[in-house]
> 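Below: one structure in structure tokens.
Small disclaimer: the values here were computed from a predicted structure and weren't measured. Naming: A, B, ... by sequence-line order, numbering from 1 per chain.
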Amino acid sequence: MPRKTDLDFFAQVWAVVRAVPPGRVTTYGAIAQYLSAARAARLVGYALRASLNAHPPVPAHRVVNRHGLLTGKFGFSPPTLMAERLQAEGVLIENDRVQNFAQKFWDPSYHLPPAVLFFQQLPC
DNA sequence: TAACTGACTCGGC
DNA sequence: AGCCGAGCCAGTT
């Protein structure tokens with residue numbers, strides 16, 4: 001299993017997050033699993049915290065934890081920005097929790113081509 | 001170089 | 001249904 005690729009782990013995470021459609025959300029674990037690093041969910045969160053000044057921008061607000069909780073909201077300024085962006089896309093938030101999480105959930109492993117192909121077709 | 005740190009997850013109570 | 005402890009891995013110090 002090639003754990004190393006031509007792209008940094010961070011860059012891979014960002015690429016996947018950019019593929020999440022507006023109005024949908026995904027989880028750290030789902031991204032990690034898609035990247036063949038199912039145990040690296042924490043790293044995904046770590047990568048997202050570093051994504052705030054990434055180019056092109058990363059829609060980090062569409063990534064929540066497995067309970068649909070907005071655990072990363074403190075990475076935004078103000079922290080309410082994460083919930084506001086989601087609600088602007090039609091995702092209902094209550095008490096920092098995504099409502100109808102099961103319906104809004106978007107799984108990269110299901111909706112995206114295999115990671116190898118996905119990164120192959122990526123520009124740059 | 002070794003130790004510490006997380007925007008997490010899973011399983012057991 | 002919600003809390004607690006252990007495992008996880010790349011980056012940073």
> At their closest point, which heavy atom of A/P59 faces which heavy atom of A/R18, and how far apart are they?
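Closest pair (atom of A/P59, atom of A/R18, distance): CD-CA, 3.9 Å.
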> Are the side chain of A/S51 and the backbone N or O of A/A54 linked by a donor-acceptor pair below 3.5 Å?
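No, A/S51 side chain to A/A54 backbone: no donor-acceptor pair under 3.5 Å.
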> Could you check whether any side-chain N or O of A/N95 sits under 3.5 Å from a backbone N or O of A/R97, counting only pairs where one atom can act as donor and the other as acceptor?
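No, A/N95 side chain to A/R97 backbone: no donor-acceptor pair under 3.5 Å.
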> Under 4.0 Å, heavy atoms only, any strand: does A/A60 hit a base, just the sugar-phosphate, or nothing?
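If one applies the 4.0 Å heavy-atom cut-off, A/A60 turns out to touch a base.
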> Spell out, as yes or no, whether a donor-acceptor pair under 3.5 Å connects the side chain of A/R24 to the backbone of A/K104.
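It does hold such a pair.
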> When hydrophobic residues are tied together by side-chain contacts of less than 4.5 Å, even through go-betweens, does A/V64 share a cluster with A/V17?
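No, it is not one cluster - the side chains of A/V64 and A/V17 are not joined through contacts under 4.5 Å.
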> Using atom NE2 of A/H67 as one end and atom C1' of C/dA1 as the other, report the distance to the nearest whole Å.
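Whole-Å distance recorded here is 11 Å.
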> By nearest nucleotide on DNA chain B, pick out whichever of A/Y46 and A/A38 is the more 5' one.
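Its nearest nucleotide being more 5', the pick is A/Y46.
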> Between atom CG in A/L48 and atom P in C/dA10, what is the gap in whole Å?
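Taking atom P of C/dA10 as the reference, CG of A/L48 is at 16 Å.
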> Looking at A/R42 and C/dG11, is any side-chain donor or acceptor paired with a base atom of the opposite kind under 3.5 Å?
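Under the 3.5 Å cut-off, the side chain and the base do not form any donor-acceptor pair.
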> Rounded to whole angstrom units, what separation is found between the CZ atom of A/F9 and the C1' atom of C/dC8?
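Between C1' of C/dC8 and CZ of A/F9: 11 Å.
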> Whole angstroms only, please: what is the CG-P distance between A/D96 and C/dG2?
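It is 15 Å, rounded to the nearest whole Å.
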> Under 4.0 Å, heavy atoms only, any strand: does A/L52 hit a base, just the sugar-phosphate, or nothing?
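Base contact.
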> Is it true that a side-chain atom of A/T26 and a backbone atom of A/V63 form a donor plus acceptor pair closer than 3.5 Å?
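No; zero donor-acceptor contacts below 3.5 Å.
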> A/Q12 CD to C/dG11 P: how many Å, rounded?
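Those two atoms, CD and P, are 11 Å apart.
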> Do side-chain atoms of A/R85 reach the backbone of A/H61 as a donor and acceptor pair under 3.5 angstrom?
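No, A/R85 side chain to A/H61 backbone: no donor-acceptor pair under 3.5 Å.
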> Could you give the start and end, 5' to 3', of the contact zone on DNA chain B for chain A, using atoms under 4.0 Å from its heavy atoms?
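The protein-touched segment is B/dG6 to B/dC10.
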> Quick check on DNA chain C: between A/F10 and A/R39, whose nearest nucleotide comes earlier from the 5' end?
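Its nucleotide being nearer the 5' end, the pick is A/R39.
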> What is the distance, rounded to the nearest whole Å, between atom CG of A/L69 and atom C1' of C/dC3?
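Atom CG in A/L69 sits about 14 Å away from atom C1' in C/dC3.
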